[in-house]
Amino acid sequence: MGALKVDSLKNKREFDCIFRNGSRFDTPYFSLYILLPKQLTPKISQKAFRIYQDIQSRKADVYLGLSVSKKIGCAPKRNLYKRRMRAMCQDESFKGLCLVFVPKIGIKDLSYADFATMCQKALKYTYKKSQNIASRVYA
């Protein structure tokens, strides 16, 4: 099986759509905003739904937004963290998701294995949370 096609979020309104409607998972090292298609409930605004459809029209498997501040480190360090997140998104478990990755200063102390474990925990948390939301909305 080949690697997933990862596309980036292109503009502020796409980032804002994920920030407002997605689930946030915080660690001491990074924040990860994840929007699942299940989270698009009837409560979501029509504008946000159109933005989501625009994102999905690009026909990628994963949509990733990277927000890496200069506080994180020099350019090679920032690029390292972005490469790690892109590599993580190649996993099949990320298929169909819209993500925004926001690293924190503590990420310098995190190994790749620990980073991978935390990303998987974030996914499990988000799936569990979305099931709870869907059961409340459609019940």
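Heavy atoms only: backbone and side chains are in, while hydrogens, waters and symmetry mates are out.
Summarising the geometry of Cys89 relative to Leu4, their closest heavy-atom pair is O-CD1, 3.7 Å, with the distance given to 0.1 Å. When all heavy atoms of Cys98 and Ile18 are compared, the pair lying nearest together is CB-CD1, 3.4 Å. Nearest heavy atom pair, residue Tyr127 against residue Leu97, reads OH-CD2, 4.0 Å. Residue Gln90 comes nearest to Ala3 through the heavy atom pair OE1-CB, 2.9 Å, listed as atom of the first residue, atom of the second, then distance. Closest approach of Arg24 and Tyr125 over heavy atoms only: O-CE2, 3.7 Å. Taking each heavy atom of Ala48 and Cys17 in turn, the nearest pair found is O-SG, 3.6 Å.
With rounding to the nearest 0.5 Å, the separation of CG in Leu9 from CZ in Phe19 is 9.0 Å. Put simply, CG on Leu64 and CG on Leu32 are 8.5 Å apart, with the number rounded to the nearest 0.5 Å. Expressed to the nearest 0.5 Å, how far OG of Ser93 lies from NZ of Lys124 amounts to 9.5 Å. To the nearest 0.5 angstrom, Lys10 atom NZ is 13.0 Å from Asp54 atom CG. Residue Leu36 holds its CG atom at 9.0 Å from CG of Leu99, rounded to the nearest 0.5 Å. To the nearest 0.5 angstrom, Ile55 atom CD1 is 7.5 Å from Leu35 atom CG.
Looking at Lys82 and Pro103, their side chains never come closer than 4.5 Å, going by heavy atoms from C-beta outward. Between Leu123 and Asp91, every side-chain heavy-atom pair lies at or beyond the 4.5 Å cut-off. Leu66 has its side chain within reach of Arg86: a pair of non-hydrogen atoms, C-beta onward, lies under 4.5 Å apart. Here the side chains of Phe94 and Gln120 are in contact, with some heavy-atom distance below 4.5 Å. In this structure, Ser31 and Lys104 have side chains that are in contact, with non-hydrogen atoms separated by less than 4.5 Å.
Relative ring orientation between Phe101 and Phe30 is described as tilted, the plane-to-plane angle lying within the 30° to 60° band.
Partners of Arg84 by side chain to side chain contact (heavy atoms under 4.5 Å, CB included), not counting sequence neighbours, listed by chain and number: Leu80, Tyr112, Phe115. Residues meeting the side chain to side chain contact (heavy atoms under 4.5 Å, CB included) test with Ala60, sequence neighbours left out: Lys5, Asp7, Tyr63.
The number of heavy atoms from other shown groups lying within 6.0 Å of CZ (Arg20) does not exceed 12.
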